[in-house]
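Keep in mind it's a predicted model, so treat the numbers as computed, not measured.
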Amino acid sequence: MKPVEHVEARAAYADSVTLLQVSRRVSEVDGVLAAFVAMGTELNLDLARGMSFTVPDATGANDLLVAIRAVDAPALEAATAELAAALAPAPRAAGARAEAPPRTTGSALRRGAGDLVLVSVPGQFAFAEASDALDCGSDVMIFSDNMPVAQEIALKRRATYEGRLVLGPDCGTAVVGGAGLGFANVVRSGPVGIVAASGTGAQQLLCLLDAAEVGISACLGVGGRDLSEVVGGLSTRAALDLLDADPGTELIVVVSKPPAPRVAGEIRARAEALGTPVVFGLLGPGEPDLTALAETAVRRLGRDAPSWPTWGSSHVARAGALRGLYSGGTLCDEAMLIAADAVGAVYSNIPLRPEWALDRSLRHDGHLMIDFGDDALTQGRPHPMIDHTLRLERLAAEAADPGAAVVLLDVVLGHGAHPDPATELVPAVSAACEAGLQVVVAVIGSGGDPQGTGTQAERLGAAGASVFASNAAAARYAIGLLK
């Protein structure tokens, strides 16, 4: 019997995480062969076409694309019914007040003031909500990505003038007042304050310090562009001043993706004027990696750095190329810096050098590393720490490529991340290992994370991967596997 399909584009919107959950619900209906429910961005349209769906003409980024393939008409009818149920608004609880919810951040704050507002809307709308928060006297954390840099600069200049703090945009991780925000790991309280122009870099540092039984006073994520030439470290300066004034902070750690040299120099000079000691992890040639930074922080507090955990079997060297498939941009940067010292050119969509840039296909015969969390790959899609679809597809492609020898992955745990990544990754890792590929994994998680860091790592190790708590150690081990 020939499968039946339903494909449509409708004028509707839902956030990417909701649509990922909807797609999974529909996919689990008996008789459904494939289901894809997503906003009609170019990336999502390409994915639908790759699933052999015929996309309706003129489907745009503001359209909801629905594509379902089932074994027969009754199965398709059941799937569309499940789709309707999944997209239906939640019923109002009995006795709930009929008062309309606030339509803007400003109207919500006027009903009840807040010290910190977290903004998580599509990037083109984040500026208005962040401005509303500043209007009402609140600090703001902008989780949204894809905000134009001119808007970021305007918000941060205003915040500096008004004595407020802007975290982000693209602030994936923060710990404020003991509460984790965004993609946050469960860590203990303590004397170290972190200023992070990096999301997953902050998470690596948080988890390593927690493994060393060192706690955190705060982690202030300032956004990956804050130490760029154009933004100039505006939020980093404000965050340093706040932590310096905090009596519970005994040591400040600054971590960043590769910064602009001039801005990095200015931030170092500002740090020297503070009363609280500051250590730096500004990724770049000749700079310490994140694990070395954690070890330095531990020793500055008068403690011994531990041996970082590893799991899984050892591998033998194999001829071919190194391929990194990352969800974290800073982790990808760190691995590329380590690899480039050993093997030379490493091609990427976030290249260390312009001449090492990948084209839109994200393919190259040599060594390469891809940041699947880059803005261009997350428009209309959940972050790859939530949705492993793109990385799973690419892992299968690398396993089939005779030129690939070693694949390096990160698996980032904590609140906000996938609730059980090993369930999705283990079959793909096992298949890749059986195909002869060497798989090395950095698991970024704390002992208190809800996924169970040790359990996740053990399952990946049992599937054939070599697993490390340190991304830098994983990268060096992967390079050592190359002939």
Side-chain angles (χ1 to χ4, degrees), residues 130 134 139-142 145 147-176 192-202 204-205 216-246 249-290 292-294 296-297 300 329-330 333-334 336-337 350-354:
L134 294 175
D139 296 328
V140 58
M141 171 180 167
I142 307 171
D145 57 8
M147 173 184 276
V149 68
Q151 294 181 354
E152 175 179 351
I153 294 169
L155 287 170
K156 291 183 173 180
R157 285 179 176 170
R158 177 184 171 185
T160 299
Y161 178 77
E162 296 177 355
R164 305 243 60 91
L165 179 64
V166 172
L167 302 178
D170 200 12
C171 174
T173 299
V175 179
V176 179
V192 177
I194 298 173
V195 180
S198 151
T200 52
Q204 170 76 107
L205 188 57
I216 305 301
S217 61
C219 176
L220 305 178
V222 295
R225 297 185 302 207
D226 194 71
L227 292 182
S228 66
E229 187 70 38
V230 291
V231 181
L234 290 168
S235 287
T236 298
R237 300 166 200 264
L240 283 170
D241 292 344
L242 282 171
L243 291 175
D244 185 46
D246 174 27
T249 300
E250 300 173 15
L251 177 70
I252 300 172
V253 180
V254 179
V255 59
S256 174
K257 298 176 180 179
R262 178 190 66 80
V263 178
E266 292 177 355
I267 295 300
R268 289 183 187 274
R270 190 182 190 95
E272 291 176 359
L274 301 179
T276 308
V278 182
V279 294
F280 284 89
L282 308 181
L283 291 181
E287 295 291 334
D289 59 52
L290 298 172
L293 175 63
T296 297
R300 288 291 294 268
T330 304
D333 275 326
E334 178 182 50
M336 286 194 294
L337 286 163
I350 54 166
L352 298 176
R353 301 182 186 178

query = From Met336 CE over to Leu352 CG, what is the distance, rounded to the nearest 0.5 angstrom?
reply = 4.5 Å
query = OG1 of Thr160 to CG of Leu155: how many Å apart, nearest 0.5 Å?
reply = 10.5 Å
remark   = Heavy-atom closest pair (Leu165 atom, Ser235 atom, distance to 0.1 Å) is CD1-O, 4.0 Å
task = State, yes or no, whether a side-chain contact exists between Leu240 and Thr236 at a heavy-atom distance under 4.5 Å.
result = yes
inquiry  = side chain to side chain contact (heavy atoms under 4.5 Å, CB included) for Leu243 and Thr276? Distances and angles first, verdict last.
reply    = CA-CA 8 Å; Leu243 291 175; Thr276 308; over 6 Å; no
Qualifying residue, where the test is side-chain contact (heavy atoms from CB on, under 4.5 Å) with Ile194 and the options are Leu205, Thr173, Val175 = Leu205
note = For Ala154, the side-chain contact (heavy atoms from CB on, under 4.5 Å) test, sequence neighbours excluded, returns Phe127
message = Treating Glu152 as the side-chain partner and Val231 as the backbone partner, does any N or O pair qualify as donor plus acceptor under 3.5 Å?
response = no
Under-4.0 Å salt bridge between Glu266 and Arg262 = yes
ask   = About how many Å separate CZ of Arg270 and CZ of Arg237, when rounded to the nearest 0.5 Å?
value = 6.0 Å
ask   = Taking the side chain as C-beta and beyond, is there a heavy-atom pair between Asp139 and Leu167 under 4.5 Å?
value = no
query = At their closest point, which heavy atom of Ala174 faces which heavy atom of Cys171, and how far apart are they?
reply = CB-SG, 4.4 Å
ask   = side-chain contact (heavy atoms from CB on, under 4.5 Å) with Asp170: which residues, sequence neighbours excluded?
value = Asp145, Asp375
message = On a heavy-atom basis, which atom in Val254 and which in Val278 lie closest, and how many Å separate them?
response = CG2-CG1, 3.8 Å
ask   = Between atom CG of Leu337 and atom CG of Asp289, what is the distance when rounded to the nearest 0.5 Å?
value = 9.5 Å
ask   = If every non-hydrogen atom of Ser217 is compared with every non-hydrogen atom of Thr249, which pair is closest and at what distance?
value = OG-OG1, 2.7 Å
query = Could you give the distance from CZ (Arg158) to CZ (Arg164), rounded to the nearest 0.5 Å?
reply = 10.5 Å
Nearest atoms (heavy-atom pairs only) where Ala130 meets Ile142 = CB-CD1, 3.9 Å
Main-chain N/O of Gly168 paired to Lys156 side chain as donor or acceptor, under 3.5 Å = yes
query = Is a side-chain N or O of Asp226 found less than 3.5 angstrom from the main chain of Ala197, in a donor-acceptor match?
reply = no
request  = Indicate the atoms forming the closest heavy-atom contact of Pro288 with Leu283, along with that distance.
outcome  = O-CD2, 3.8 Å
message = Would Arg268 and Leu282 count as a side chain to side chain contact (heavy atoms under 4.5 Å, CB included) here? Give the steps.
response = CA-CA 10 Å; Arg268 289 183 187 274; Leu282 308 181; 3.8 Å; yes
query = At what distance, to the nearest 0.5 angstrom, does OG of Ser228 lie from CD1 of Ile153?
reply = 7.0 Å
